[in-house]
Amino acid sequence: MACGPSVEPTCNDRYNKKFQADSIASTDKTKEGCFCPHGTTLFNTVYDTCVTSCDCVGPDGKPKQPGDTWTSGCDKCLCDKDSMSIRCEPAVCPPVQSPNCSESGQQLVNKTDSCCTTSSCECNVSLCPPLKTCPVGYERNITYGICCQSYTCVHKDVCVYDMKEYEIGAKIPTSQTTSEPPLEKPEISLRTTAALFGAGQPSGTTFIRVDTL
């Protein structure tokens with residue numbers, strides 16, 4: 001409407017009474033502007049909203065129509081059509097089902113979203129197994145999981161000698177130490193021959209010949 005009272009009534013009775021007390025005749029005067037149509041009321045001077053009922057006000061200070069529902073904190077609220085008042089009840093959360101967090105590196109995490117608790121599996125790399133070191137002749141096989149890498153040692157197609165790997169068919173150098181067999185303790189045989197030689201030899205002289213075998 002292009003023409004209306006100089007002080008337009010709102011849903012705030014205190015506001016209306018204040019201006020009526022300040023200027024009793026202000027409601028009888030009209031002015032040009034933009035006003036709510038007949039059958040509606042300006043909600044307040046902050047929101048340019050025309051409402052058919054002034055009974056329900058939401059937590060944000062905005063008007064709520066009969067039958068409107070909204071969530072305020074952990075409550076579900078309704079602007080009741082019969083009583084034209086706000087009725088709130090605690091929000092009903094769905095049952096919490098714990099997921100199976102059996103994969104390596106997974107852990108169960110509970111989170112509260114608004115008012116309801118939800119459970120989920122999240123990765124924690126600190127729970128992953130350490131890097132595996134394989135022995136000579138084996139190589140590390142990596143398998144990628146949801147959160148971690150798993151390791152297994154797979155035998156390589158090689159030969160292992162003296163903690164070194166050699167391809168099949170390759171010649172393996174070996175250290176050969178050539179040494180003479182140890183000397184045996186010699187056996188000494190004494191063959192004593194008592195012989196008297198010809199003339200000129202002293203009588204009673206004995207000669208000993210030593211043979212080393």
Side-chain angles (χ1 to χ4, degrees), residues 43-49 51 55-81 83 85-187 213:
F43 182 68
N44 57 28
T45 57
V46 178
Y47 302 106
D48 293 331
T49 303
V51 295
D55 293 323
C56 293
V57 181
D60 55 359
K62 295 183 179 180
K64 297 295 182 182
Q65 298 298 318
D68 287 351
T69 59
W70 66 94
T71 300
S72 177
C74 293
D75 295 332
K76 187 175 182 180
C77 300
L78 166 70
C79 181
D80 191 84
K81 296 180 181 180
S83 64
S85 61
I86 298 175
R87 188 177 71 234
C88 295
E89 295 179 354
V92 178
C93 296
V96 179
Q97 295 182 352
S98 297
N100 182 17
C101 304
S102 58
E103 288 290 333
S104 178
Q106 282 186 332
Q107 65 178 6
L108 181 65
V109 177
N110 294 321
K111 293 182 179 180
T112 301
D113 184 11
S114 296
C115 301
C116 299
T117 302
T118 58
S119 299
S120 62
C121 296
E122 295 188 3
C123 292
N124 185 354
V125 294
S126 63
L127 301 177
C128 294
L131 186 65
K132 188 173 184 178
T133 302
C134 296
V136 180
Y138 290 82
E139 61 183 352
R140 187 169 49 239
N141 183 35
I142 302 176
T143 302
Y144 296 92
I146 297 177
C147 300
C148 305
Q149 298 177 352
S150 58
Y151 311 97
T152 56
C153 292
V154 181
H155 190 273
K156 298 169 65 175
D157 196 14
V158 295
C159 296
V160 177
Y161 178 79
D162 197 18
M163 299 302 293
K164 294 182 181 180
E165 297 180 0
Y166 297 93
E167 298 291 336
I168 295 178
K171 293 182 178 180
I172 301 175
T174 58
S175 57
Q176 296 180 352
T177 303
T178 305
S179 60
E180 296 181 356
L183 297 176
E184 296 181 358
K185 186 177 181 180
E187 295 182 0
L213 301 180

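Disulfide criterion (SG-SG under 2.5 Å) for C153 and C134: met. The sulfur atoms (SG) of C128 and C148 lie less than 2.5 Å from each other.
The structure places OG1 of T118 at 7.5 Å from CG of N110, a figure rounded to the nearest 0.5 Å. One finds the CD atom of Q106 at 8.0 Å from the CG atom of N100 (value rounded to the nearest 0.5 Å). We find the NZ-OG1 distance between K111 and T117 to be 12.5 Å, quoted to the nearest 0.5 Å. Once rounded to the nearest 0.5 Å, the distance linking NZ of K132 with CG of N141 reads 10.5 Å. Here the straight-line distance linking atom OG1 of T152 with atom CD of E139 works out to 9.5 Å at 0.5 Å rounding. Interatomic distance, CD1 of I142 versus CG of L131, reported as 7.5 Å (0.5 Å rounding).
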inquiry  = One pair to check against side-chain contact (heavy atoms from CB on, under 4.5 Å): V109 and Q107. What are the steps and the verdict?
reply    = CA-CA 6 Å; V109 177; Q107 65 178 6; 4.2 Å; yes
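Of all the heavy atoms in D75 and C88, the pair that sits closest is CB-CB, 4.1 Å. Closest approach of C159 and I168 over heavy atoms only: SG-CG1, 4.4 Å. When every heavy atom of P94 is checked against every heavy atom of C116, the shortest pair comes out as CD-SG, 4.2 Å. The shortest non-hydrogen separation linking K64 to C79 is O-SG, 3.7 Å. Listed here is the closest heavy atom pair of I146 and C123: O-SG, 4.1 Å. Closest approach of C77 and S72 over heavy atoms only: SG-CB, 4.0 Å.
No donor-acceptor pair closer than 3.5 Å links the side chain of R140 to the backbone N or O of Y151. Looking at N44, its side chain does come within 3.5 Å of a backbone N or O of V46 through a donor-acceptor pair.
Within a 6.0 Å radius of CG in D157, no more than 12 heavy atoms belonging to other residues, nucleotides or ligands are found.
Contacts of K156 classified as salt bridge (charged side-chain N to carboxylate O under 4.0 Å, His left out), with partners at least two apart in sequence or in another chain: E165.
The shortest distance between side-chain heavy atoms of L108 and P99 falls below 4.5 Å.
Ring orientation note: the planes of Y166 and Y161 are tilted relative to one another, at an angle of 30° to 60°.
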